[in-house]
2 protein chains.
Amino acid sequence: MAVERRTSRDIRSESRLDVMHALLSAEEATRNDLARATGLSPATVATVVGDLLSEGIVTESRLSAGRVGRPTTSLRINADRGRVVGIDVAETYVRAIVFDAALREVAGVETPRDEHESSPEYVVEGIGRTFEAALDRAGVGAEDVLGVGVALPGIVQRASGVVVVVPHWSWHSVELDSLRDRIGVPLVLDNPLKAIATAELWFGTGRESDSMVTVNLGTGVGAGIVLEGRILRGATNAAGEWGHSLLAIDGRRCRCGRQGCVEAYVGAPGIQQTLREVAPEHPLCDLEMQQEFIQALAAASAADTPDPAVEETLAITARYLGSALADLVAVVNPERVTLTGWTTWALGDRLLPLTRARLDEEAPGESAAGLRLEISTVRSNSVATGVAMIALERFLGDVGLVTTRVPIAL
Amino acid sequence: MAVERRTSRDIRSESRLDVMHALLSAEEATRNDLARATGLSPATVATVVGDLLSEGIVTESRLSAGRVGRPTTSLRINADRGRVVGIDVAETYVRAIVFDAALREVAGVETPRDEHESSPEYVVEGIGRTFEAALDRAGVGAEDVLGVGVALPGIVQRASGVVVVVPHWSWHSVELDSLRDRIGVPLVLDNPLKAIATAELWFGTGRESDSMVTVNLGTGVGAGIVLEGRILRGATNAAGEWGHSLLAIDGRRCRCGRQGCVEAYVGAPGIQQTLREVAPEHPLCDLEMQQEFIQALAAASAADTPDPAVEETLAITARYLGSALADLVAVVNPERVTLTGWTTWALGDRLLPLTRARLDEEAPGESAAGLRLEISTVRSNSVATGVAMIALERFLGDVGLVTTRVPIAL
DNA sequence: ACCTATTTTTCTGGGGGTTAGGTTTACCCG
DNA sequence: CGGGTAAACCTAACCCCCAGAAAAATAGGT
């Protein structure tokens, strides 16, 4: 049954990840700080830090704090250990961001994508070009790159080999071996939602909870589930596909081809559709660009004279969202739900109270009572950040510091 | 962040549980068999078995296998170590089953419950009486009882203390401390779906997969989720409440008070409702007892002359079920889904192909491709068996053999 | 200059865990 | 009565974690 046994080595691996986690959160910390933050004993932290020091992952910087006693040696991630690149492949753009090893942005490049061109060759070429441009702008060579992470707007699955499914590109099971050749450095592929959840786990609310759900609201919607500090990936890395859960059987047609998905109601086009149903003649119905529409909606809602159609649209959307979240909360029962994505940035504050109320009504038993529902504080580039973090984790695995392998890697 | 750290002791604990798991599955096995089954080295199995032997949990029985070589000493669970009781509190009955320590049934008692009487006092009294009657019939005294598990038809939550929520009994947050006093032996409370999933994990398809979902179809419907060999409990033990996920917003009124829940469509009353919508005059619409109705539906479907209304009802139900399962599969992405419950026993064979087809259509990407959808082989008393197993796990914790505490215990 | 108090960090021993590989054990069989 | 053989058992090596003692590195008093 259990092919992969846990051994005591895995404990050390987890300790190392925990220390890294605490150190990335704190930017700078002493061994004692880390012991407090991780719950490990100072002795264990010392040996773990020793490992990380000898691999050059962290550096010491002695600064006497002026107080009495032995001065503290503080530790920080060795940002110059190398560079990590996160690439966010979206429908209309490819964005590559170069991070230092402490996951701080060094440089970024965004290139547009032709939404109607989706051949694997075109996509691979676009990724490759953007990657090289970003390296160029950051002034680093490929030899400095510890790893590259690429988030593709679909499902990255591991069945027999790594396979990418992107319905609206008509990618049913595309293998991207050519991408590895093009990039030429260690590569991980994943789904943007898992990237966002990873970013949230390392740099956002995940620093406080280790059981949470990250919900992204944009053109599409989706969730990343974190249980016990680890992303839930499921049997084939497809877990968390909540955006295409059913909200209304035989309901609105979704762009995924099915009907009644959550996304068709709380994705940006879905919200516009709701407005059309509320007020078919409303001027905002005609806005072509989704982000523009959402911005206009937010502006209208913040205006002095309330627009009843807008208010009703928001109320209905919050109701849809609350109900859909209630299902997710009922199944996973997390400690917290964190909302992200550009719809959240624009409308989150407006939607939150109503969504919360609906969620409290709909979630079974007491599961919503202690639940924290909030807006993420990780704003910019969370997809690129998260997928770069996954790549960094993979690098830690490659140098032997961590045994928990990132499952999806070309 | 992590209050509970993993230590090497937990590894031993897991190893012990794995050995128990293998031994319960196999009934009888040699140390070598166990090493193969668990993936542990023979040496480790030997020490683990030593622990279990010295606690009297397993016994040796030497039987020379007639082959050449040192004869094998085979091991089995020491059934006489004590008794474990599982109590299934349902809406219309309370069933208490006494098991030996190898989880084989020794005796059982079922007493009816007044469906309309739901005061905690009445419920506690009913459980207590049934427990005592079962002990009596089994001819064992309370001193032989290692533990008792009680499954209550609601949500058993851990917030501040243990709290039971049973909507249709109007139990919003009932504390059952009186039950402990009444029973007088170590007690665990849990939800029937988690009990069923536990039974499935130890005695059913869970012996092959450690990532699975158990779906129960009866009057109510619900799911138990198993990830990495452990029941997903979530922050407050409320995870897995899939029966009240939304299938159709503003849809059929559900007995939980909300609208459009999965249960309102694929629970037994929901299926009858579907038949009423298909053929309002159909004679089966008038059957009062749900189980009788489901049986009649199964009989009509197996008859030589097909009944178009019945066939259509089944097709629609399979479609509802497939869609609802697709949501669950999309979020959790398990290796297998196992169906249980009396509706499954009656109609499972009929529903399976159509449900499977719908699931394949609706599940995103490839997540349904490798998925195994099947009918459970654990038939009788799976709730009592599962909750007894949970009680046995708790006992193993109490004697110090297992550190993973059962979270819900009075 | 020397000692003392103080705080951080390292060292050491004890308690666990897993495994590979060699020994012992207990049979069958010629 | 000695092989042959497979199961069960030691043993040593290596890995974890942690508590508590010891060392290190300062500031400040004498």
Side-chain angles (χ1 to χ4, degrees), chain A residues 2-19 23 26 28-54 58-75 400-404, chain B residues 2-19 23 26 28-54 58-75 400-404:
Chain A
V3 186
E4 13 171 335
R5 291 234 117 251
R6 307 185 67 70
T7 140
S8 53
R9 235 188 226 86
D10 295 317
I11 295 179
R12 174 54 60 97
S13 159
E14 273 174 45
S15 301
R16 279 194 274 245
L17 264 185
D18 285 349
V19 167
L23 200 48
E28 181 159 14
T30 70
R31 288 170 174 77
N32 266 344
D33 295 340
L34 293 175
R36 262 188 302 279
T38 59
L40 292 162
S41 73
T44 302
V45 170
T47 56
V48 165
V49 166
D51 296 342
L52 297 173
L53 277 171
S54 68
V58 308
T59 48
E60 284 187 316
S61 65
R62 170 151 319 182
L63 73 167
S64 159
R67 289 171 309 171
V68 73
R70 175 173 175 166
T72 68
T73 358
S74 62
L75 303 159
L401 289 174
V402 163
T403 57
T404 45
Chain B
V3 185
E4 11 168 338
R5 293 234 118 251
R6 305 186 66 71
T7 141
S8 52
R9 232 188 229 87
D10 296 317
I11 294 179
R12 171 56 60 98
S13 159
E14 273 173 45
S15 301
R16 280 195 275 245
L17 264 185
D18 285 349
V19 167
L23 200 46
E28 180 158 14
T30 70
R31 288 170 173 79
N32 265 344
D33 295 341
L34 293 175
R36 260 189 303 278
T38 58
L40 292 163
S41 73
T44 302
V45 170
T47 56
V48 165
V49 165
D51 297 341
L52 297 173
L53 277 171
S54 68
V58 308
T59 49
E60 286 187 317
S61 65
R62 170 150 319 181
L63 76 167
S64 156
R67 291 170 307 169
V68 72
R70 176 172 174 166
T72 67
T73 10
S74 62
L75 304 159
L401 289 174
V402 163
T403 57
T404 44

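Each chain gets a letter, A, B and so on, in the order the sequences are listed, and its residues count up from 1. These numbers come from the heavy atoms of this one structure, side chains and all, not from hydrogens, waters or symmetry mates.
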(request) Kindly point out which of D:dC16, C:dT10, C:dT8 is positioned nearest to the side chain of A:Ile11? (result) D:dC16

(message) Assess the residue pair B:Arg31 and B:Thr73 against the criterion (side chain to side chain contact (heavy atoms under 4.5 Å, CB included)); give the C-alpha distance rounded to whole Å, side-chain angles, the decisive distance to 0.1 Å, and a yes or no.
(response) CA-CA 8 Å; B:Arg31 288 170 173 79; B:Thr73 10; 3.8 Å; yes

(message) Can you list everything that forms a side chain to side chain donor-acceptor pair (under 3.5 Å) with A:Ser41? Sequence neighbours excluded, please.
(response) A:Thr44

(request) With rounding to the nearest 0.5 Å, note down the distance linking CG in B:Leu401 to OG in B:Ser54. (result) 7.5 Å

Using a cut-off of under 3.5 Å, enumerate the N/O to N/O pairs linking the protein to nucleotides 22-25 of chain C.
residue : atom : partner : partner atom : Å
C:dT25  : O2   : B:Arg70 : NH1          : 3.4

(request) Can you tell me the distance, in whole Å, between the CG atom of A:Leu75 and the P atom of C:dT9? (result) 8 Å

(request) Please list all pairs passing the salt bridge (charged side-chain N to carboxylate O under 4.0 Å, His left out) test where one or both residues lie in residues 37-48 of chain A, with sequence neighbours left out. (result) none

(request) Please state how far atom CG in B:Asn32 lies from atom P in D:dT5, giving the value in whole angstrom units. (result) 17 Å

(message) Keeping B:Ser13 on the side-chain end and B:Arg9 on the backbone end, is there a donor-acceptor pair under 3.5 Å?
(response) no

(message) According to side chain to side chain donor-acceptor pair (under 3.5 Å), who are the partners of B:Arg12, at least two apart in sequence or on a separate chain?
(response) B:Thr47, B:Asp51

(request) Write down the atom of A:Gly400, the atom of A:Arg16, and the distance for their closest heavy-atom approach. (result) O-NH2, 3.9 Å

(request) Measure the spacing between CD1 of A:Ile11 and CG of A:Asp18 and express it to the nearest 0.5 Å. (result) 11.5 Å

(request) For A:Thr30 and A:Asn32, indicate whether the former's side chain and the latter's backbone hold a donor-acceptor pair under 3.5 Å. (result) yes

(message) Of the listed nucleotides (C:dT8, D:dC16, D:dA8), which one gets closest to any side-chain atom of A:Arg12?
(response) D:dC16

(request) Please state how far atom CG in B:Leu34 lies from atom C1' in D:dC9, giving the value in whole angstrom units. (result) 16 Å

(message) Tell me the interatomic distance from B:Asp18, atom CG, to C:dT18, atom C1', rounded to whole angstroms.
(response) 14 Å

(request) Could you check how far CZ of A:Arg31 sits from P of D:dC18, rounded to whole Å? (result) 17 Å

(request) Report yes if a side-chain nitrogen or oxygen of A:Thr72 is closer than 4.0 Å to either non-bridging phosphate oxygen (OP1 or OP2) of C:dT9; otherwise report no. (result) no

(message) Pairs counted only when both distances fall under 3.5 Å, Watson-Crick or G-U: show me the 5' to 3' dot-bracket for DNA chain C, [ ] for pseudoknotted crossings and | for other-strand partners.
(response) ||||||||||||||||||||||||||||||

(message) Tell me which residues in residues 40-50 of chain A lie within less than 4.0 Å of DNA chain D, going by non-hydrogen atoms.
(response) A:Leu40, A:Ser41, A:Ala43, A:Thr44

(message) Just the rounded figure in Å: distance from P of D:dA25 to CD of A:Glu60.
(response) 12 Å

(message) Can you list everything that forms a side-chain contact (heavy atoms from CB on, under 4.5 Å) with A:Ala35? Sequence neighbours excluded, please.
(response) A:Pro42, A:Val45

(message) What verdict does the side chain to side chain contact (heavy atoms under 4.5 Å, CB included) test give for B:Arg36 and B:Asp33, after you've listed the backbone C-alpha separation in whole Å, the side-chain angles of each residue and the deciding distance to 0.1 Å?
(response) CA-CA 5 Å; B:Arg36 260 189 303 278; B:Asp33 295 341; 2.9 Å; yes

(request) Give a yes/no on whether any side-chain N or O of A:Ser15 is located under 4.0 angstrom from OP1 or OP2 of D:dC17. (result) yes

(message) Evaluate A:Leu52 against A:Leu75 for side chain to side chain contact (heavy atoms under 4.5 Å, CB included), listing each step before the verdict.
(response) CA-CA 10 Å; A:Leu52 297 173; A:Leu75 303 159; over 6 Å; no

(message) Whole angstroms only, please: what is the CZ-P distance between B:Arg9 and C:dT18?
(response) 12 Å

(request) Mind calculating the distance between CZ (A:Arg36) and P (C:dT9) to the nearest angstrom? (result) 10 Å

